[in-house]
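Scroll down for the structure; my scribbles are underneath it.
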Amino acid sequence: MTTMIKKCLFPAAGYGTRFLPATKATPKEMLPVLTKPLIQYGVEEALEANIRTMAIITGRGKRAIEDHFDISYELEHQIKGSTKEPLLNEIRSLISQCTFSYTRQVEMKGLGHAILTGETLIGHEPFAVILADDLCTNDKQTKSASSEGVLAQMIKIYEKYQCSIVAIEEIPKEETHKYGVISGHLVDNSNNIYRINDMVEKPHPEEAPSNLAIIGRYILTPDIFDILKETKPGKGGEIQITDALKEQAKLGKVIAYKFNGKRFDCGSVDGFVEATDYFYKKQKEK
Ligand code: UTP
């Protein structure tokens with residue numbers, strides 16, 4: 001029997017130092033691409049994948065995220081009946097369809113540690129993870145192509161393989177030092193599903209096992225929590241999710257999926273500007 005993925009974890013406790021000073025008092029996840037904060041795109045992607053329970057890992061200075069996913073009565077009252085009211089439609093609809101729960105990562109000990117902090121919100125079931133600073137979109141390129149979001153695509157893969165899934169992308173070899181890089185073998189003839197046998201966190205190009213990089217979308221089985229409890233700090237002194245996944249990979253329990261769509265690294269200024277350009281052009285075309 002397949003276990004449904006019902007919850008999505010959003011690690012959002014990082015400092016966002018690449019965006020200082022903007023992120024001094026504003027969470028990186030609240031930076032807007034056009035008029036929508038990054039984390040709202042992430043929540044929309046999760047909802048599109050039929051997930052309604054959002055578990056958000058926050059830290060100090062992240063209150064704006066909680067306020068965003070709450071009703072602002074004063075504001076609603078103020079703009080009721082005006083031409084501005086429709087601007088709140090999308091966020092209102094998200095709030096009415098989803099529940100949001102939060103827990104704080106008290107010390108920023110890395111992504112793996114942030115995910116472990118989420119155990120109390122997730123419990124013992126498989127779950128999705130979205131890093132909201134990786135903004136993903138899948139626009140219908142051809143008539144026959146699907147416009148399904150990346151997480152929805154991954155859930156289909158999970159239903160077949162019933163193990164942890166990571167989303168991957170081909171990157172230029174000189175950029176391997178920014179990502180977790182996998183080594184694996186193809187397991188289907190569509191050329192986009194690999195079984196992982198190893199992965200390396202942020203390798204130098206000459207040490208990278210491939211040019212297939214893990215991006216900010218995961219489906220994890222709950223045994224990851226016990227593995228994370230035993231995972232020692234790795235690259236950069238942080239508890240790395242890639243080190244924990246490596247343990248699952250030793251048992252053949254991690255699949256990498258080359259998704260359909262585009263990803264923008266909105267944790268970097270270049271990626272953020274690209275995303276803004278892309279969504280602006282798309283809006284103008286409407
Ligand atoms: P990043 O590597 O992008 O780090 O984290 P960062 O702190 O957000 O940004 P920079 O590099 O300083 O500019 C990847 C993801 O993991 C989360 C971040 O919020 C981001 O979504 N994270 C990272 C945590 O939640 N806790 C941590 O301790 C580290």
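Everything quoted here is computed from the prediction, not taken from an experiment.
At most 12 heavy atoms of other shown residues, nucleotides or ligands fall within 6.0 angstrom of atom CD in Glu107. Sparse packing is recorded around NZ of Lys156, with 12 or fewer heavy atoms of other residues, nucleotides or ligands lying under 6.0 Å away. Heavy atoms of other residues, nucleotides or ligands lying less than 6.0 angstrom from CZ of Arg60 number 12 at most. Atom CD of Gln97 has more than 12 neighbouring heavy atoms from other residues, nucleotides or ligands inside a 6.0 Å radius. No more than 12 heavy atoms of other residues, nucleotides or ligands lie within 6.0 Å of CD in Gln78, so this atom counts as exposed by the packing criterion. Other residues, nucleotides and ligands contribute at most 12 non-hydrogen atoms within 6.0 Å of the NZ atom of Lys253. Annotation: Lys84, atom NZ; neighbour count of heavy atoms from other residues, nucleotides and ligands within 6.0 Å does not exceed 12.
With Ser210 contributing its side chain and Ile182 its backbone, the two residues share a donor-acceptor pair below 3.5 Å. A donor-acceptor pair is defined here as one N or O able to donate and one able to accept, closer than 3.5 Å; such a pair exists between the side chain of Arg195 and the backbone of Gly252. Glu85 places a side-chain N or O within donor-acceptor distance of the main-chain N or O of Gly81, the cut-off being under 3.5 Å. Checking side-chain atoms of Ser93 against main-chain N and O of Asn89 turns up no donor-acceptor pair under 3.5 Å.
Proximity of Ile56 to Ile65: side-chain heavy atoms (C-beta onward) are separated by under 4.5 Å at one or more points. Contact check for Leu151 versus Ile5: no side-chain heavy atoms found under the 4.5 Å cut-off. The shortest distance between side-chain heavy atoms of Glu247 and Lys250 falls below 4.5 Å. Side chains of Gln153 and Asn138 form a contact here, defined as non-hydrogen atoms less than 4.5 Å apart. Residues Leu228 and Ile241 have side chains in contact (heavy-atom distance under 4.5 Å, counting atoms from C-beta outward). Put simply, the side chain of Ser72 does not reach to within 4.5 Å of the side chain of Asp67, judged on heavy atoms. Contact check for Phe10 versus Thr58: no side-chain heavy atoms found under the 4.5 Å cut-off. Using a 4.5 Å heavy-atom cutoff, the side chains of Lys62 and Glu29 are in contact.
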Between Lys246 and Asp198, does a side-chain contact (heavy atoms from CB on, under 4.5 Å) hold up when you go through it step by step? CA-CA 6 Å; Lys246 233 152 88 164; Asp198 197 12; 3.6 Å; yes

Kindly indicate, with the supporting measurements, whether the criterion side-chain contact (heavy atoms from CB on, under 4.5 Å) is fulfilled by Glu170 and Leu212. CA-CA 5 Å; Glu170 277 181 42; Leu212 298 172; 3.5 Å; yes

Is there a ring pair (Phe, Tyr, Trp, His ring centres under 6.0 Å) between Tyr161 and Tyr257? Walk through the geometry before answering. CA-CA 11 Å; Tyr161 291 92; Tyr257 169 59; 9.9 Å; no

How far apart are the C-alpha atoms of Leu94 and Glu44, what are their side-chain angles, what is the distance that settles it, and do they pass the side-chain contact (heavy atoms from CB on, under 4.5 Å) test? CA-CA 7 Å; Leu94 281 188; Glu44 286 173 358; 3.9 Å; yes

Between Leu87 and Ile79, does a side-chain contact (heavy atoms from CB on, under 4.5 Å) hold up when you go through it step by step? CA-CA 10 Å; Leu87 298 176; Ile79 68 170; 6.0 Å; no

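Using the six-membered ring where Trp is involved, Phe69 and Phe100 have ring planes that are parallel, under 30° apart on the 30 and 60° scheme.
The distance from the CD atom of Glu169 to the SG atom of Cys136 is 8.0 Å, given to the nearest 0.5 Å. Interatomic distance, Glu48 CD to Glu148 CD, rounded to the nearest 0.5 Å: 6.5 Å. With rounding to the nearest 0.5 Å, the separation of CD1 in Ile57 from CG in Leu111 is 10.5 Å. Cys163 contributes atom SG, which lies 10.5 Å from atom CG of Leu220 (distance to the nearest 0.5 angstrom). Atom NZ of Lys202 is separated from atom CD of Glu238 by 7.0 Å, given to the nearest 0.5 angstrom. Taking NZ of Lys36 as the reference point, atom OH of Tyr41 lies at 5.0 Å (rounded to 0.5 Å).
Nearest heavy atom pair, residue Leu116 against residue Phe225, reads CD1-O, 3.6 Å. Counting all heavy atoms, side chain and backbone alike, Thr26 lies closest to Ala22 at CB-O, 3.5 Å. Between Leu135 and Ala275, the shortest heavy-atom contact is CD2-CB, 4.2 Å. Contact between Leu47 and Met54 at its shortest, heavy atoms only, is N-CE, 4.2 Å. The minimum heavy-atom distance between Pro233 and Gly237, with the atom names listed, is CB-O, 3.4 Å. Taking every heavy atom of both residues into account, Ser164 and Gln248 meet most closely at OG-OE1, 2.7 Å.
Of the N and O atoms on the side chains of Thr242 and Glu201, at least one donor lies less than 3.5 Å from an acceptor on the other residue. Side-chain atoms of Thr221 and Asp223 include a donor-acceptor pair closer than 3.5 Å.
Screening residues 176-188 for side-chain hydrogen bond (donor to acceptor under 3.5 Å, both in side chains), with sequence neighbours left out, gives Tyr179-Arg263, Ser183-Asn197, Asp188-Ser190.
Note on Met199: it does not cluster hydrophobically with Val181, by side-chain heavy-atom contacts below 4.5 Å among ILVMFWY residues. Note on Val166 and Ile239: same hydrophobic cluster, where clusters join Ile, Leu, Val, Met, Phe, Trp and Tyr whose side-chain heavy atoms are under 4.5 Å apart, directly or indirectly. Hydrophobic clustering (ILVMFWY, side-chain heavy atoms < 4.5 Å, transitive): Ile255 and Leu251 are in distinct clusters. Under the 4.5 Å side-chain heavy-atom criterion for grouping Ile, Leu, Val, Met, Phe, Trp and Tyr, Ile51 is not connected to Phe127 through any hydrophobic cluster. Clustering ILVMFWY residues whenever any of their side-chain heavy atoms sit less than 4.5 angstrom apart, transitively, puts Ile165 in a cluster other than the one holding Ile168.
Paired with Lys28 under the rule side-chain hydrogen bond (donor to acceptor under 3.5 Å, both in side chains), one option of Thr23, Thr17, Asp133 passes, and it is Asp133. Asp139 pairs in a salt bridge (Lys or Arg N to Asp or Glu O under 4.0 Å) with only one of the listed residues (Lys262, Lys282, Lys281), which is Lys282.
Taking a 4.5 Å side-chain heavy-atom cut-off between Ile, Leu, Val, Met, Phe, Trp and Tyr, the cluster of Met108 extends to Tyr15.
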